[in-house]
Number of protein chains: 2
Amino acid sequence: MTDLLPPIQTTARDDAVLKALAGFVRQEALGPGEKLPTERILAERLKVSRNTVREALTRWEGLGLVERRQGSGTYLKAAVSPDMLHMPLTLAGGNDFAGLMATLEIRRALEAEAAALCAIRAGKAELAEIERKLDLMEEAFQTRDGMSSEEDWEFHQAVFRASGNPLFEQIIAAMYEMFHRFWEHPLGVRDFGHASFPYHRTIFNCIAARDPEGARTEALKLIATVEDDLKRGAANLKLSDRR
Amino acid sequence: MTDLLPPIQTTARDDAVLKALAGFVRQEALGPGEKLPTERILAERLKVSRNTVREALTRWEGLGLVERRQGSGTYLKAAVSPDMLHMPLTLAGGNDFAGLMATLEIRRALEAEAAALCAIRAGKAELAEIERKLDLMEEAFQTRDGMSSEEDWEFHQAVFRASGNPLFEQIIAAMYEMFHRFWEHPLGVRDFGHASFPYHRTIFNCIAARDPEGARTEALKLIATVEDDLKRGAANLKLSDRR
DNA sequence: ATGCACAAATTGGTTGGACCATTGAACCAC
DNA sequence: GTGGTTCAATGGTCCAACCAATTTGTGCAT
């Protein structure tokens, strides 16, 4: 009732440019990594100023769809289609302990759901991929004595990817930066993340056994251990960080 | 081991502009709705071209942080801070059934977790606010015979807000557009959302009773009914949309 | 004074052209 | 081959002007 009669768009140059460009990408079947026409050519072909083309491409760049390399060209970074839906999300203040805990709660929600969905939907190939990442992680864990954050992350990524819903991976990928920043300075907790180790295997077992609720439960347990480590780290910090 | 030696950043003009602008907003304590300096003034003050200012603002506009009105000015649309984290989410084929299901799965994950957290953390004031929204919704439901999408939404928002974690509300707000768009054209399902109605009350009861797991369970049930309606709608669509 | 029509100033949107900085390939000397 | 050099292509920045929408001010009629 409220907003039928959308505001009429008298001008929308750069949007039109993006629409045309999306159509071009579709027609040419361009995929990630491929180079698209130069700004000058686009400007000439579309009969708009190069500045307008640049504004349009800036939008796509901000959305992570495209990467510009000076002197080289503009390259696709993700699959684009004319009917994409964008949900830009900006999170305020995630540098401190509270922010980290907040992201961890999001992760708990998504991790549990993704594991459950994964148990329902994962195909044989995805299952094999997850197990491969798990093996890699366990090997790294024993070889480097617990320093397996990279492999750990790849395991979780594989689970998210196999959930069949790209949003899981996207949201969590954006949070990766935050976790990674933290994992390099684990607040003096020497064996940070050790407690979570066994649950990776149990999660995988539930997924492989097609047990959604079991996978959900194990995922919740895993996050709980990480939360615990985090709280211990915060306590350490409070004791040692007197200045 | 892998990414020590990060690529050096020789120039980053527009990023610098945004950083400066974020600092300005912070210093002037500007909030949503307020107007920020004109492009020409920014260009002059920051000693950069107006073009560069425009590219920077285009980025913020794309992220939904800012709104430009020709002839009027540029206005803040959301709170900005220098340490924001941006995560643009893009969903291919956003208009169709699959896209809506994808966002619904995210919503299921967040809704369940938020309800559980809410049962643990909500204070008296938050609890009262949730109940108020619930009453409003129930009233609207009976008065307008099921058309209570706005009030429905506000109820869920109140729950998210009372979870004590702002990220829940932010993420779900980014997805609001998709839900809203759909609620106006419920695929011919006449009583869309009716089935979910009673669960709002049961969720609230669990929260008020400080029963996290109960709240989680009820939230999952609610989303399940919406998913069900959605599938029925998709079935209707398949039957009627032959062309 | 009040209200309305019109002009002027303000502001974002677009254009065209110029130049700079980086990249990558072709080429050359050793 | 290896390591420079040159050079054309390409994105990044700048400038100056003009267009289009909005806001503000001005002055006239009532």
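Proteins come first, then strands; the chains are lettered A, B, ... in the order of their sequence lines, and each starts at number 1.
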Rounded distance (Å) that lies between atom [atom2] of [N] and atom [atom1] of [X]:
X        : N       : atom1 : atom2 : answer
Glu44(B) : dC14(D) : CD    : P     : 14 Å
Gln70(A) : dT13(D) : CD    : C1'   : 9 Å
Glu55(A) : dG13(C) : CD    : P     : 7 Å
Leu57(B) : dG13(C) : CG    : P     : 9 Å
Glu39(A) : dT15(C) : CD    : C1'   : 15 Å
Glu67(B) : dT22(D) : CD    : P     : 12 Å
Arg40(A) : dT13(D) : CZ    : C1'   : 12 Å

Worksheet item: Does Thr52(B) place a side-chain N or O at less than 4.0 Å from the phosphate oxygens OP1/OP2 of dC14(D)?
Response: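 For dC14(D), OP1/OP2 do have a side-chain N/O of Thr52(B) under 4.0 Å.
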Worksheet entry | Which nucleotide in dT15(C), dC14(D), dT22(D) has an atom nearest any side-chain atom of Ser49(A) |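 My answer, after comparing the listed nucleotides, is dT15(C).
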Item to complete: May I ask you to verify whether the side chain of Asn51(B) and the base of dG12(D) hold a donor-acceptor pair under 3.5 Å?
Response: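 Under the 3.5 Å cut-off, the side chain and the base do not form any donor-acceptor pair.
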Discussion item. Over all strands shown, is Arg54(B) touching base, sugar-phosphate only, or nothing at heavy-atom distances under 4.0 angstrom?
Written reply: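 Contact class for Arg54(B): base.
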Practice prompt. Please figure out whether Gly71(A) or Val48(A) has its closest DNA chain C nucleotide nearer the 5' end.
Written response: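 Upstream on the strand: Val48(A).
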